[in-house]
J.: 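Can you read through this structure? Questions will come right after.
Here the structure is a predicted model, which means the values were calculated and not measured. All heavy atoms count here, side chains included; hydrogens, waters and symmetry mates do not.
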Amino acid sequence: MRLNPIARTTLALSLFLMPFAAPPLHAEQARTITLEDLARSLPKEPINVVFDVDDTVLFTSAGFQWGSRTYGPRIVSAGVSVREEDLPSDDDRRKYREFWSKMNNELDQYSVKKWIAGELIALHKSRGDRIYFVTKRIYTGSEKLTELLRQEFGLPTDSPAVIFTSRQPKTKAFRDIKAQVSYGDSDGDIRDSIQAGARPIRVLRSPASVNHEPTHNGGFGEEVLFNSEND
């Protein structure tokens with residue numbers, strides 16, 4: 001059967017788009033890169049880069065573990081996106097806000113800088129790149145996370161403050177800051193990065209993390225940073 005020009009164009013376009021609609025790749029197909037590979041692949045001119053916080057630049061399980069034991073796992077969880085509006089009582093919602101206030105202002109004193117984050121941020125600082133942090137943590141009106149990250153990674157006092165999305169997707173924040181490279185450990189980080197048009201790079205989550213949310217490392221075609229799971 002011969003196809004008319006419009007039909008031929010439609011078929012060709014559908015075949016072109018098929019790979020983008022395909023299911024995630026298997027883990028064994030993941031594209032692993034080293035720090036050296038990454039450094040060589042970056043453009044010569046400075047760029048805007050964005051980092052997730054929990055399990056990407058900081059190992060923060062101590063704070064979440066304390067919160068889960070103190071307030072209960074249905075109120076505090078590192079992985080499951082618990083929302084304040086879904087909690088059944090005023091007391092639960094009060095505890096929820098109390099935890100997030102403590103997490104953002106006190107509990108990060110027990111967080112540990114991931115070595116890979118130190119290497120990555122040192123690389124981007126040496127290039128003159130603009131460094132941002134975006135987290136899905138809940139914002140409760142005050143935070144000391146920005147100050148802690150500046151101290152841990154030797155960033156200037158006027159470096160951008162942490163952007164809190166309060167459990168909302170990060171896509172808008174990535175677009176607003178015109179992120180060109182994005183680092184994150186969760187599938188959500190990778191999806192939001194792809195949607196925003198940034199280059200996604202997966203930082204592997206530590207096996208010791210209390211965040212047990214499943215991840216599909218390399219499953220979205222993103223690059224996976226070698227040896228980045230170690231704290």
J.: What is the distance from atom CG of Leu87 to atom CZ of Arg94, rounded to the nearest 0.5 Å?
T.: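 Spacing of CG (Leu87) from CZ (Arg94) equals 12.0 Å.
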
J.: Taking salt bridge (charged side-chain N to carboxylate O under 4.0 Å, His left out) as the definition, give me every residue that meets it alongside Glu85, ordered by chain and number, with sequence neighbours left out.
T.: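 Once residues adjacent in sequence are excluded, the partners of Glu85 under the salt bridge (charged side-chain N to carboxylate O under 4.0 Å, His left out) criterion are Arg83.
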
J.: Is there a path from Leu155 to Val181 through hydrophobic residues (I, L, V, M, F, W, Y) whose side chains come within less than 4.5 Å of each other?
T.: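 Yes, because Leu155 and Val181 connect within a single hydrophobic cluster, where side-chain heavy atoms sit under 4.5 Å apart.
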
J.: Could you tell me if the side chain of Leu148 sits less than 4.5 Å from the side chain of Gln109, heavy atoms only?
T.: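 The answer is no; the side chains never approach within 4.5 Å.
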
J.: Going by atom types alone, do Asp54 and Thr60 pair a side-chain donor with an acceptor below 3.5 Å?
T.: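 A donor-acceptor contact under 3.5 Å links the two side chains.
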
J.: Supply the atom-to-atom distance Ser228 OG to Leu35 CG, rounded to the nearest 0.5 angstrom.
T.: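 That separation rounds to 8.5 Å.
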
J.: Does the Ser206 side chain pair with the main chain of Asn230, one donor and one acceptor, at a distance under 3.5 Å?
T.: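 Checking the backbone N and O of Asn230 against the side chain of Ser206, no donor-acceptor pair under 3.5 Å is found.
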
J.: Give the C-alpha distance, both sets of side-chain angles, the deciding distance and a yes or no for salt bridge (charged side-chain N to carboxylate O under 4.0 Å, His left out) between Asp52 and Lys136.
T.: CA-CA 8 Å; Asp52 169 56; Lys136 283 188 176 179; over 6 Å; no

J.: Under 3.5 Å, is there a donor on one side chain and an acceptor on the other for Arg191 and Thr171?
T.: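 Short answer, no.
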
J.: Please determine whether side-chain hydrogen bond (donor to acceptor under 3.5 Å, both in side chains) holds for the pair Asp187 and Thr215, giving the CA-CA distance in whole Å, both sets of side-chain angles, and the decisive distance to 0.1 Å.
T.: CA-CA 6 Å; Asp187 286 358; Thr215 58; 5.3 Å; no

J.: State plainly whether the residues Lys114 and Asp55 are in salt-bridge range, i.e. N to O under 4.0 Å.
T.: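 Here Lys114 does not pair with Asp55 in a salt bridge, since their nearest N and O are not under 4.0 Å apart.
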
J.: Is the distance between the ring centroids of Phe153 and His124 less than 6.0 Å?
T.: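 That pair fails the under 6.0 Å test.
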
J.: Only one of Arg93, Lys95, Arg167, Arg97 forms a salt bridge (charged side-chain N to carboxylate O under 4.0 Å, His left out) with Glu84, so which one is it?
T.: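 Testing Glu84 for a salt bridge (charged side-chain N to carboxylate O under 4.0 Å, His left out) against Arg93, Lys95, Arg167, Arg97 leaves exactly one candidate, Arg97.
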
J.: Of all heavy-atom pairs between Asp189 and Gly184, which one has the smallest distance, and what is that distance?
T.: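 Nearest pair, atom of Asp189 first, then Gly184: OD2-CA, 3.5 Å.
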
J.: Just how far is it from atom CG of Asn217 to atom CD1 of Ile190, taken to the nearest 0.5 Å?
T.: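 Nearest 0.5 Å value for the CG-CD1 distance: 8.5 Å.
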
J.: Centre-to-centre under 6.0 Å for Trp100 and Phe64, is that the case here?
T.: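 Yes, they do, as the ring centres are separated by less than 6.0 Å.
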
J.: Do side-chain atoms of Glu36 reach the backbone of Thr34 as a donor and acceptor pair under 3.5 angstrom?
T.: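 Side chain of Glu36 to backbone of Thr34: no pair is present.
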
J.: Do Ile163 and Ile177 come close enough that some side-chain heavy atom pair is under 4.5 Å?
T.: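 Counting from C-beta outward, Ile163 and Ile177 do come under 4.5 Å.
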
J.: Under a 4.5 Å cut-off applied to non-hydrogen side-chain atoms, are Tyr96 and Val82 in contact?
T.: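 In contact.
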
J.: How far apart are the C-alpha atoms of Asp92 and Arg74, what are their side-chain angles, what is the distance that settles it, and do they pass the salt bridge (charged side-chain N to carboxylate O under 4.0 Å, His left out) test?
T.: CA-CA 9 Å; Asp92 284 348; Arg74 64 190 178 86; 2.7 Å; yes

J.: Run the side chain to side chain contact (heavy atoms under 4.5 Å, CB included) test on Leu120 and Ile116 for me, step by step, so that the C-alpha distance in whole Å, both residues' side-chain angles and the decisive distance to 0.1 Å come before the verdict.
T.: CA-CA 6 Å; Leu120 288 170; Ile116 191 67; 4.1 Å; yes

J.: Among residues at least two apart in sequence or on other chains, which ones pass side chain to side chain donor-acceptor pair (under 3.5 Å) with Asp108?
T.: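 Testing Asp108 for side chain to side chain donor-acceptor pair (under 3.5 Å), a comparison that skips the adjacent residues, returns Ser111, Arg137.
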
J.: Does Ser159 reach the main-chain N or O of Pro156 with its side chain, forming a donor-acceptor pair under 3.5 Å?
T.: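 Checked: pair present.
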
J.: What distance separates Thr165 OG1 from Lys172 NZ, expressed to the nearest 0.5 Å?
T.: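 Reported to 0.5 Å precision, the distance equals 11.5 Å.
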
J.: Take Asp192 and Phe174 through the test side chain to side chain contact (heavy atoms under 4.5 Å, CB included) and record every step on the way to the result.
T.: CA-CA 8 Å; Asp192 293 348; Phe174 290 170; 4.0 Å; yes

J.: Would you call Thr32 and Glu223 a side-chain contact if the rule is heavy atoms closer than 4.5 Å?
T.: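 No, too far: nothing below the 4.5 Å cut-off.
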
J.: In Å and rounded to the nearest 0.5 Å, what is the CZ to OG1 distance from Phe51 to Thr135?
T.: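 The CZ atom of Phe51 sits 14.0 Å away from the OG1 atom of Thr135.
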
J.: Where the side chain of Arg130 meets the backbone of Pro160, is there a donor-acceptor pair that is under 3.5 Å apart?
T.: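 Not a single qualifying donor-acceptor pair exists.
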
J.: Heavy atoms, side chains only, cut-off 4.5 Å: are Ile138 and Phe164 in contact?
T.: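 No - every pair of side-chain heavy atoms lies 4.5 Å or more apart.
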
J.: Give a yes or no answer on whether the side chain of Asn105 reaches the backbone of Lys102 with a donor-acceptor pair at less than 3.5 Å.
T.: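 Side chain of Asn105 to backbone of Lys102: no pair is present.
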
J.: Start with the C-alpha distance between Lys144 and Glu106, add both sets of side-chain angles, then the distance that settles salt bridge (charged side-chain N to carboxylate O under 4.0 Å, His left out), and finish with yes or no.
T.: CA-CA 8 Å; Lys144 293 184 179 178; Glu106 301 175 28; over 6 Å; no

J.: With a sphere of 6.0 Å drawn around CZ of Phe226, does it hold more than 12 non-hydrogen atoms of other residues, nucleotides or ligands?
T.: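 At most 12 heavy atoms, drawn from other residues, nucleotides or ligands, come within 6.0 Å of this atom.
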
J.: To the nearest 0.5 angstrom, please state how far the CD1 atom of Ile201 sits from the OG atom of Ser182.
T.: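 Separation between the atoms: 8.5 Å.
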
